[in-house]
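Structure first, then comments.
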Amino acid sequence: MARILVNNSGPLNGEVTVSGAKNSVLPLLAATLLTEDNCIIEGVPSLADVHIMKEMLKSFGAEVDDSEDGIVNVKASEILTVEGNPELVQEMRASTVAMGPLLARCGKVVMPMQGGCTIGKRPIDLHLKGFRSLGAKITEEEGRVIIEAGPEGLVGDAIYLDFPSVGATENILMAATLAKGTTIIENAAKEPEIVDLANLLNKMGAKIKSAGTDLIRIEGVERLSGAVHGVIPDRIEAGTFMLAAAITRGKVHVKNAIPGHVRPIISKLKESGVYVEITDEGIYVDGSREELVATDIKTLPYPGFPTDIQSPFMAFLATVQGSSVVRETVFENRFMHVVELNRMGADITTENREAVIPGGKKLHGAKVRATDLRAGAAMILAGLVASETTEISEIYHIERGYEDIVSKFKGLGADLMKVED
Ligand code: UD1
């Protein structure tokens, strides 16, 4: 099993460039199934999850050419099967985003049970509620979900999401592009990744209005065509490197970060005394100017504080003066990193969805697990300031979502390496 070893590195300094967003590129690639024409997605990060998605597209019959670095060319002239490959689906929770495009294009999709990070139950009831509103019939048998459009095909409707689920919004958005009439998604997710997807779909000929607000309007069209589209920068990766500067009390210029996408992270870093400046090329973060102090965070759907930065931020809070409270409202089981941070001396307590971080702790190296993708990033951050070596196992989680993470950290002066047994 591969592991990452991290040593105390002192302040990180320098610049790092953020890659294309994992959470954008997966739905963008899935959207290419909506047309028989050629689609070109640019700025694609090299990640395990992206690899799985490309395999998935091929399994449905698409031709995928990724011979040029960062560019993926997809041509789904024909869909050969509407059934998700169980092994691929098991490996990646985000395979669910293939449901909307296949249902829209072929009138049917069959999906096995889901995989991905172990951060709670992560049901797909809202995705299914959306498909049902568009007239689809849903049956479940032997661990598979079978979704079939009615005799009229999909028909537009008003859909209220009980929670602004990112995946459900994406799936309904894609399904509705080819439905008859108008679809309205109420209480839609507003994440930048939704806007990115809508931008690609509109380039393909869809008629989507107000993506990025909580009420999205989609007028169905007969067919979609090919398009060329660049992926937005990864706001979670940007946040992770901003925290790398903060936790090590270093100075890092995070290039290619979009400030508007990371506002709550900027605010919370500032509240704790970190200097943050918006530059022409990204965001400059300096954690060395003041003594850093506690601040409370509460995760929320966008534009609130992102749940994906909760664990890296908690690692940071363990090192500042004073006690902070972290409240997780998006996922029901996203404190697994607490056990791991406590192995390093963080002394965090949890009750239900609330964690209390006493702060001011001198962390020490330990054998820890990357219990999920972002928890893995939290372990790296904690390892950078811990005495002795931190040994992180289960790093496949980290590689699912961070491109070249070891070399990017090394570029900032971090002392870490990946080892294979
Ligand atoms: C996406 C992101 C993930 C991020 C999350 C929240 C991708 C590939 N992943 O995940 O990194 O942490 O948004 O910002 O983009 N829920 C239901 N029923 C549903 C769907 C969701 O109850 O049908 C619940 C989930 O259990 C969870 C909450 O809604 O508690 C948020 O989930 P959702 O917004 O759907 O996240 P994902 O799309 O899975």
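Order of appearance sets the numbers: ligands from 1, and atoms from 1 within every ligand.
- Any N or O atom pair closer than 3.5 Å counts here, and Leu126 shares at least one such pair with ligand 1.
- The side chain to side chain contact (heavy atoms under 4.5 Å, CB included) test with Val274 is passed by exactly one of Ile266, Thr295, Ile247, Val285: Val285.
- For Asp308, every heavy-atom contact with ligand 1 shorter than 4.0 Å involves the side chain, none the backbone.
- In summary, the atoms of ligand 1 found under 4.0 Å from a heavy atom of Arg93, numbered by their order in the structure, are 39 (O).
- For the salt bridge (charged side-chain N to carboxylate O under 4.0 Å, His left out) with Asp37, the qualifying choice from Lys203, Arg223, Lys75 is Arg223, the only one to do so.
- In terms of polar-atom proximity, defined here as any N/O pair under 3.5 Å, Thr307 makes no such contact with ligand 1.
- At a 4.0 Å heavy-atom cut-off, ligand 1 touches Arg334 through the side chain alone.
- Between the CE atom in Met56 and the OG atom in Ser95 there is a gap of 4.5 Å [rounded to 0.5 Å].
- Contacts between Lys129 and ligand 1 below 4.0 angstrom, taking non-hydrogen atoms only, are absent altogether.
- A salt bridge is absent between Lys58 and Glu63; no separation between the charged side-chain nitrogens and carboxylate oxygens falls under 4.0 Å.
- For Lys129, the NZ atom counts as densely surrounded, since its 6.0 Å shell holds more than 12 non-hydrogen atoms of other residues, nucleotides or ligands.
- One finds no salt bridge joining Arg334 and Glu328 here, because no Lys/Arg side-chain nitrogen approaches an Asp/Glu carboxylate oxygen to under 4.0 Å.
- Looking at Lys22 next to ligand 1, no N or O pair under 3.5 Å apart turns up.
- Taking 4.0 Å as the cut-off between side-chain N and carboxylate O, Glu420 and Lys418 count as a salt-bridged pair.
- Under the 4.0 angstrom criterion for non-hydrogen atoms, Glu193 is not in contact with ligand 1.
- Across Gly130, Ala168, Pro123, Gly167, heavy-atom proximity to atom 22 (O) of ligand 1 is greatest for Pro123.
- Residue Val330 has at least one nitrogen or oxygen atom sitting less than 3.5 Å from a nitrogen or oxygen atom of ligand 1, judged on distance alone.
- Salt bridge Glu83/Lys108: absent, no basic N to carboxylate O contact under 4.0 Å.
- Close N/O approach between Arg374 and ligand 1 is not found [any backbone or side-chain N/O within under 3.5 Å].
- Not a single heavy atom of Glu332 sits closer than 4.0 Å to an atom of ligand 1.
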